[in-house]
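Written below as structure tokens is the structure these notes are about.
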Amino acid sequence: MLPGKPYLSLADTKVKENSFVLRWDEHKPLKSYEFYQVKYRQIPNGKWLIYDRDTSISVPSTRIHGLKPDTAYTFKVRITNSITSQEEQFSKESEVIKTKKSTTDFLLSRSELVQQNGPRIYMLPVREIEPARDKIHFTRKYTLGSGGKDDIKKTVLMVGSTGSGKSTLINAMVNYILGVNWEDPCRFKLVHLDKNENNSLKSQANSQTEWITSYTIYNDVSSRIDFSVTLIDTPGFGDTKGLDQDSKIVSQIERLFTAANTSISIKTIDAVCFILKAPDARLTESQKYIFESILALFGNDMRENIYSLITFADGQIPPVLSSLAAFDGSPLPFNTYFTFNNSAFFVDNRNENNTFSKRFWDMGITSCEVFFRSLKEIKTANLSLTSNVLFTRTELNSTSNLLLNEIEFGFDKVRILKNVIEEFRECTKMMKDNENFHYTVQESRNKKIDISGQGIHTTTCLNCSFTCHENCSKSKDEEKRDCSVMDQNGKCTKCPNNCIWQDHSNTHFIFKKELISTRMTYESMLLSYRKAFIKRSSKARKLAETRNEMLQIKSNLLIQKEKIETNTNKLKEIALQPEIKSISPYIDLLKESELREKKPGFNQRLEQLQKAKKQILVRKLCTECISEFDSALQTANELLILDTSILHTDLN
Ligand SMILES: [Zn+2]
Ligand SMILES: [Zn+2]
Ligand SMILES: [Zn+2]
């Protein structure tokens with residue numbers, strides 16, 4: 001049986017100025033080697049032509065492209081056998097189908113001519129959505145055409161450094177969408193600058209904030225795509241603008257996603273496009289930082305929605321891919337990417353010999369085709385996980401800041417405790433040095449000991465008051481000449497004066513030498529000891545007090561560290577880019593440039609950078625702080641236990 005008469009499919013799309021979807025009823029299933037062939041003819045006098053010989057149509061519908069605007073066509077279909085080349089009979093002819101009037105013509109009448117030479121360039125008549133203008137965070141929205149409720153809507157965020165070709169790419173995309181052809185005498189521009197923005201760009205006073213501008217091109221004016229698309233143009237970043245501008249851009253984008261006002265905010269994203277120049281063999285630190293920071297805004301459900309758009313491509317493998325591959329750990333895709341070369345979009349097309357530019361134009365159109373086809377297929381990401389990521393990141397940052405303060409406070413306390421420990425030890429040493437403030441003086445004294453009645457004789461020198469022989473056999477005084485202590489001359493060998501024997505007698509007592517100790521005190525030492533003791537007691541109290549404070553701080557540190565761990569782990573789980581790894585080299589770069597340029601306020605900014613750097617290291621700092629705490633606390637505890645053991649017991 002023949003295929004049914006072709007008809008216009010109104011189910012999923014509208015008739016465009018140069019395309020629509022054609023359907024027909026399938027009366028028998030095709031075999032694997034059978035395909036449909038579509039022929040078409042311009043009404044009233046056109047010849048029958050085969051539509052798109054190169055594509056094998058195996059389902060009973062196809063999008064017909066490349067038609068003329070405001071023109072009537074008719075279609076017929078037949079089945080062909082790809083093996084035998086046998087062709088079956090054609091279906092009946094379709095009704096006459098007329099394409100839409102050219103939107104180009106429609107738009108031209110409303111656009112402002114901004115360049116006369118080459119192809120005339122027109123600024124598109126975009127309309128601003130007034131309530132969407134956020135004057136604080138510099139975000140705004142423009143529209144072109146008007147939207148139908150059932151339109152498929154796609155949102156594309158465009159991010160690129162200054163000179164990446166972002167503006168040209170956006171304009172090229174718009175010309176593609178609007179169906180501008182190489183032969184057309186006009187081109188359109190979308191990227192829209194206020195008058196004063198123009199002036200500021202001219203005067204190179206670039207420090208002011210630039211706008212993030214969303215352009216929604218509605219389906220009713222688009223000709224090569226069958227959905228509405230919002231292109232979000234972000235300020236170009238990069239070294240020439242001043243490095244502090246870069247992080248401003250990131251927070252502007254963040255604001256756009258998180259604004260509570262729904263007129264202002266963007267709630268879904270289909271593609272986050274990073275625009276890279278094909279010849280860039282290395283990413284700069286600022287590129288890495290911006291890319292990571294922007295990727296860090298999103299949830300990991302966005303992985304498929306991240307696009308690398310490579311401009312200035314020449315058909316070779318772009319060198320920038322290797323720099324993406326080397327961009328360790330980043331989810332920036334370098335396996336799937338889109339190449340563009342927009343060099344032909346705005347060049348003069350009137351020169352007949354300009355086949356080179358025509359070829360680039362065709363490449364540009366093909367690139368856009370591939371890109372927008374992919375964009376249509378990609379699953380729209382709503383930004384709920386993203387807002388979760390942003391919330392977690394905000395919490396992480398504020399906890400980090402709190403923790404940083406606490407750590408600073410903690411390190412101060414450690415210093416204080418260490419000082420107290422030092423002073424305590426000095427006191428202890430002072431006490432030890434002066435602990436012998438008592439001393440003993442010994443005197444020998446002669447003591448008379450009565451031995452009467454014991455039957456003992458003595459030889460005692462009365463002259464010296466000294467008992468020379470305690471148990472003498474000679475009892476009589478006149479016999480003392482023969483006492484064993486006397487020498488041959490009759491002189492005593494014992495008593496201090498070696499008196500003659502006649503000075504000695506037998507006494508009923510003996511003289512005994514006795515040592516008498518008297519305890520004396522060094523007053524100055526006692527004073528020092530006392531002073532040290534009192535000081536040490538107060539240091540011990542201070543020690544205990546500081547230790548208790550530190551235990552409290554330590555428990556705070558641990559709680560906040562735990563919070564940070566939790567949020568960090570949560571980000572690892574849900575964020576596309578959990579950690580901005582390039583922030584450290586980026587901060588170094590900023591510091592270098594601040595130090596080099598010394599622009600007003602650089603000191604303050606350096607301080608902020610220092611803080612930012614600390615914030616990255618907050619977990620490491622916290623661990624260090626806690627370990628210092630532990631060692632200082634242990635010392636303090638040991639000292640406090642020892643405290644009582646060295647005390648002097650008789651401190652009188
Ligand atoms: Zn004797
Ligand atoms: Zn004697
Ligand atoms: Zn004597």
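Just so it is clear, the structure is predicted and the values come from calculations on it, not from any experiment. Each residue takes its place number in the sequence, starting with 1. Both counts, for ligands and for their atoms, begin at 1 and track the order of listing.
The pair Asp477-Lys480 does not count as a salt bridge, with every side-chain nitrogen at least 4.0 angstrom from each carboxylate oxygen. Taking 4.0 Å as the cut-off between side-chain N and carboxylate O, Lys599 and Glu597 count as a salt-bridged pair. With salt bridges taken as basic N to acidic carboxylate O contacts below 4.0 Å, one links Glu628 and Lys418.
Between the SG atom of Cys472 and the SG atom of Cys483, the angle taken at the Zn ion (ligand 1) works out to 130° after rounding to 10°.
The number of protein N/O/S atoms found under 2.8 Å from the Zn ion (ligand 3) is 4.
Taking the N/O/S atoms of His469 in turn, the shortest distance to the Zn ion (ligand 1) belongs to ND1.
Panel note: side chain Thr311, backbone Ser164; a donor-acceptor pair is recorded below 3.5 Å. Judged purely by atom type and a 3.5 angstrom limit, Thr467 has no side-chain atom pairing as donor or acceptor with the backbone of Glu470.
The Zn ion (ligand 1) has no N, O or S atom of His457 under 2.8 Å away, backbone or side chain.
In this structure, CZ in Phe409 is found 10.5 Å from CE in Met550, a value given to the nearest 0.5 Å.
Scanning for side chain to side chain contact (heavy atoms under 4.5 Å, CB included) contacts around Asp134 gives Ile136, His137, Thr139, Ile264, with sequence neighbours left out.
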